[in-house]
Every structure is written in C-alpha cells, then in structure tokens.
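Reading through the structure tokens given below for one structure.
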Amino acid sequence: MMIFNHRNLTHIRILKEELKRAKRIINESTFNVANVWDKMTEVERNEALYVAKVPEPDELIKVVWDKIPADTQNIIDLSDYEIASMDKNGRINIRGLEYGLTQHPEAKTFVDKFLKKVGRASLNDITIKQSYALQPAFWTYINSQRPQQQTQRNTQNNTQSGRTEPSRDPFYKGGASWTGD
C-alpha cells in the first residue's frame with residue numbers, strides 16, 4: 001500500500017501545506033527576542049516600553065532581556081523591531097538594496113543618511129519596518145536621479161558624435177530595432 005502518491009493532486013496539496021507549516025514553525029523558532037532587544041537602540045527600547053505601558057520604563061531600558069520580569073516581557077511587542085536579516089522578506093529587501101548600491105554607487109550617501117537617521121550602523125542592522133520604508137525611497141531616489149544623468153549623457157553624446165536630428169520620414173523605424181512580427 002502506497003501512503004504518498006506523487007501523482008495525486010490532493011496528496012501534493014497536503015504536502016505543500018505541511019511544508020509551508022514546517023517552514024513557518026522553523027522561522028518562529030529562530031526568532032530570538034533577546035537578540036532583537038540587544039540590537040534595539042535606547043530610543044526604540046523606550047518606545048516599546050512606553051507602548052506597552054510598563055511602569056518605570058527608565059529602569060528597564062539598559063537591562064538585558066532575561067532580567068526583565070516575565071509578566072512585563074509578555075506585554076512588550078517587539079515584532080516591529082525584528083531585524084530584517086532574520087526575516088525572509090527583510091532579507092529580500094536588503095539584497096535588493098545591496099544590488100541597487102552595486103549598480104548605483106552614487107546612492108550610497110542616500111542610504112548612509114537613512115542609516116544615520118534611524119541610528120543603525122549598516123543595512124544588516126535595520127528592522128523589517130525600516131527596510132520596507134527604505135526600499136521604495138531608495139528606488140524613487142535612483143529614478144529621480146536618472147533623467148538628469150541621461151540628459152547629460154545624451155547632450156555629451158550628441159556633441160561628441162556630431163549627430164543630427166532624427167529622420168522625419170514617417171516610415172523610418174530607427175535602424176535595426178525590432179518592430180514586432
């Protein structure tokens with residue numbers, strides 16, 4: 001008797017659901033609250049304690065996570081402060097930003113200003129929330145810089161190559177560019 005039939009769509013669906021569940025459990029087990037607390041700045045710790053309405057938060061700001069009472073730990077929500085390198089989507093955002101920096105090194109100053117603003121040393125230290133804020137802002141910055149650079153390049157190319165205006169012939173397709181089938 002065969003328990004799993006790789007041709008049975010129901011078996012495949014169940015297997016996919018179980019694999020998804022197992023991955024989620026593994027990811028939850030790797031989430032370490034103590035690491036998140038250690039990577040938080042004092043401002044972020046104060047904010048988390050304030051949101052949780054902890055009595056006397058000033059005493060707990062510089063304390064190690066394990067020294068905080070268990071009942072207080074239960075009401076502090078650190079999900080917003082989870083480091084992006086610990087989460088799948090956060091790692092995707094960081095890889096996208098690192099790729100963008102390799103392609104556009106002029107944007108490094110933009111990223112450095114963002115890191116200084118949020119109090120982080122590198123992209124690997126930012127939170128998931130910060131990575132979601134930085135990702136679109138980074139590409140918006142890159143796209144806003146692009147037209148200026150292209151017009152500068154085009155004017156340089158035109159003056160250097162001595163090109164004239166494009167043909168006014170309505171049937172001219174622009175050389176060997178593909179026009180479709």
Among residues at least two apart in sequence or on other chains, which ones pass side-chain hydrogen bond (donor to acceptor under 3.5 Å, both in side chains) with [X]?
| X | answer |
| --- | --- |
| Q103 | none |
| E47 | Y81 |
| R120 | E44 |

For [X] and [Y], which heavy atoms make the closest approach, and how far apart are they?
| X | Y | value |
| --- | --- | --- |
| L97 | Q135 | CG-OE1, 3.2 Å |
| E42 | K62 | OE2-CE, 3.3 Å |
| T102 | P105 | O-CD, 4.1 Å |

| request: Could you tell me which residues satisfy side-chain contact (heavy atoms from CB on, under 4.5 Å) with E98, sequence neighbours excluded, listed by chain and number? | output: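 If we apply the side-chain contact (heavy atoms from CB on, under 4.5 Å) test to E98, skipping adjacent residues, the hits are I94, L123, N124.
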
| request: Please name all residues satisfying side-chain contact (heavy atoms from CB on, under 4.5 Å) with K53, sequence neighbours left out, ordered by chain then number. | output: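 Counting only residues at least two positions away or on another chain, K53 forms no side-chain contact (heavy atoms from CB on, under 4.5 Å).
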
Could you tell me if the side chain of [Y] sits less than 4.5 Å from the side chain of [X], heavy atoms only?
| X | Y | result |
| --- | --- | --- |
| T72 | P69 | yes |
| W139 | H104 | yes |
| R21 | E18 | yes |

| Tracing side-chain links under 4.5 Å among I, L, V, M, F, W and Y, which residues wind up in one group with I92? |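 The other cluster members (ILVMFWY side chains, heavy atoms under 4.5 Å, direct or chained): none.
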
[X] with [Y], same ILVMFWY side-chain cluster at under 4.5 Å:
| X | Y | result |
| --- | --- | --- |
| V118 | V43 | no |
| Y132 | I142 | no |
| I75 | I68 | yes |
| L49 | V51 | no |

| task | First locate atom CD1 of I126, then atom CG of N93, and finally report the distance between them rounded to the nearest 0.5 Å. | result |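 Going from CD1 on I126 over to CG on N93, the span is 7.5 Å.
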
| Distance in Å, S131 OG paired with L134 CG, rounded so as to fall on 0.5 Å steps |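 Interatomic distance, S131 OG to L134 CG, rounded to 0.5 Å: 8.0 Å.
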
Exercise answer: donor-acceptor pairs, residues 107-114 side-chain atoms, under 3.5 Å, sequence neighbours excluded:
none

| field | Within residues 45-64 or reaching into it, pairs that qualify as ring-ring contact (aromatic ring centres under 6.0 Å, His included) - sequence neighbours excluded | value |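 Pairs touching residues 45-64 that pass the test: none.
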
Which donor-acceptor pairs under 3.5 Å do side chains of residues 6-15 form with protein atoms, sequence neighbours excluded?
residue: N8; atom: OD1; partner: T10; partner atom: N; Å: 3.0
residue: H11; atom: ND1; partner: N5; partner atom: N; Å: 3.0
residue: R13; atom: NH1; partner: E17; partner atom: OE2; Å: 3.1

